[in-house]
Amino acid sequence: MGTSGPGSNDLKTADEPACITSIVDTVAKTVPKLRTAFETHRSYEGEANPSGEEMLAADVYADELLESRLGKLACVGTYASEERADPVWIGSGLSVAVDPLDGSSNLSSNNGVGTIVGVYDGGLPASGRDLIGAMYVLYGPTTTAMVATRDGVTEYLLTQGEREVLTPSVSLPETGTVYGFGGPVPEWSGAFRRYSMSVQRRLKRRYGGALVADVNQVLSHGGVFAYPRLETRPSGKLRLQFEANPIAFIVEQAGGLSYQGERSVLDTEPERLHQRTPLFVGSPEPLAELIETLGGATTDPTVTTRESPWD
Ligand code: AFP
C-alpha cells in the first residue's frame, strides 16, 4: 500500500481496528432506516445490477444510503457494491465491499434478508486474505450483526441503532446439526450429489434463499452451507468480493472452514469485481468430508462447462 489513487491505504495498521469499529457503528445506525425501506421500497426498478439481476427499489436505496454514510468515514477510501458496476474512489483508506440487501427477493415472501460488508486493506478486487474485518446484519424477528476481525467473531443485537453483545466469542462446533444447499439438484455435480446424500443422513435441512440467513443458521447450530457450481453456472452464483469472501472470513474466524472447489475461498485469485464463485462454508467435520468428496471434482464429467447465461 502507500501509492496514491484507487486502492491506496495510508492508514496505519494501528488505526484499522478503530476504522472497523466506526464501520460497524455506522452500519448499526443505518439499520433502522434500512428496515423502514423494506416496507416503503418494494417495487422493482426496471433495471438490472452488474450481475444481471433485477433490482428492487430497496436494493438501490440501501446501496445509496450505505455509500453516503460509509463514504463519509475518514478511514474509508473506496466503496464498492453488488449494485453498481464500478467502485467509488473516495480517497486513501480501506476498501469496503457491500451487498446492501442480500436476498432481496425474500422481501416479497417476508423471509430473512441481510446486509454484508467486507473491509479490505487493498484495492478492489482484492484477495480474501486482504480482509481485516467483515460483518453481516440479519433482519429476522430481531436484528443481529455478526462481526469478525482477525481477533475473532462477536454477535450483537441491534436495537434502534445501538448494539449490545449477544455472543462474545462465536465458535462453530466440530460437527453441528444443519445444512443448506442452493441450486437445482439436477445441476449439481455427481460428487456434490454424493456428498449431499451423506449429509442428509445426519443433518437437518435449513435453506431460505438468503445467504446471510442461511449462514446464520450454520453459525448458530453448526453444520454446512453450500452453493456449488451448477451446469448452467459453472462459476457458481455468489459474488466473491461482496458475499463469499466476507462470509468465508467470518466462518473461518469462528473456527470453521471455507472451500471453493480447490482451496479456501480466501485464497481465490481475484480477477473481476463482480466475479462469482462456488461457496462451501461450515463446521470442520462436514467441510473436511466435503473437501475429500469433491477432491478432483473440477474434472467431474457430469458437470459441463458450457457458457453460462449469467456471467
Ligand atoms: P437475491 O438477492 O437475488 O435474492 O439473491 C440472493 C443470493 O444471492 C444469496 O443471498 C442466496 O444464498 C442465493 O442468492 C439464493 O439463490 P437461489 O434463489 O438460487 O436459492
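As the structure is a prediction and not an experimental result, all values here were calculated from the model. First listed ligand is number 1; within each ligand, the first listed atom is number 1.
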Pick from A213, S51, S108, G103: the one approaching atom 1 (P) of ligand 1 most closely through a non-hydrogen atom: G103

Heavy-atom nearest neighbour of atom 12 (O) of ligand 1 within options D99, N49, L211, L56: L211

Should E54 and E47 count as side-chain neighbours, where that means a heavy-atom distance under 4.5 Å? no

Test item: V165 and P168 side chains (from C-beta on) under 4.5 Å apart, heavy atoms: yes

With a cutoff of 4.0 Å, is [X] in contact with ligand 1, counting heavy atoms of the residue only?
X    : result
G209 : yes
D214 : no
L238 : yes

Between R202 and E289, does at least one N-O distance fall below 4.0 Å, as a salt bridge requires? yes

Is the shortest distance from a Lys or Arg side-chain nitrogen in E53 or R239 to a carboxylate oxygen in the other one below 4.0 Å? yes

Looking at ligand 1, does any of its N/O atoms fall within less than 3.5 Å of an N/O of Y207? yes

Reported CG-to-CZ distance for the pair L158 and R163, which is rounded to 0.5 angstrom: 8.5 Å

So which heavy atom in the protein is nearest [atom], and how far is it from that ligand atom?
atom                    : result
atom 10 (O) of ligand 1 : D102 OD1, 2.6 Å
atom 14 (O) of ligand 1 : K237 NZ, 2.9 Å
atom 8 (O) of ligand 1  : E243 OE2, 3.2 Å
atom 19 (O) of ligand 1 : Y227 OH, 2.7 Å

Would you say CZ of R42 has more than 12 non-hydrogen atoms from neighbouring residues, nucleotides or ligands within 6.0 angstrom? yes

Consider ring-ring contact (aromatic ring centres under 6.0 Å, His included). Of F280, F225, F192, which one does F181 pass it with? F192

Number the atoms of ligand 1 from 1 as they appear, then name those within less than 4.0 Å of a heavy atom of [X], with their elements.
X    : result
S104 : 1 (P), 2 (O), 4 (O)
S105 : 1 (P), 4 (O)
R239 : 8 (O)

Using a 3.5 Å cut-off and no angle test, enumerate the donor-acceptor pairs between side-chain atoms of residues 110-118 and protein atoms at least two apart in sequence or in another chain.
residue, atom, partner, partner atom, Å
N111, OD1, S109, OG, 3.1
T115, OG1, P100, O, 2.8
T115, OG1, Y139, OH, 2.7

Pick out which of L257, V218, V265, V215 makes a side chain to side chain contact (heavy atoms under 4.5 Å, CB included) with V251. V215

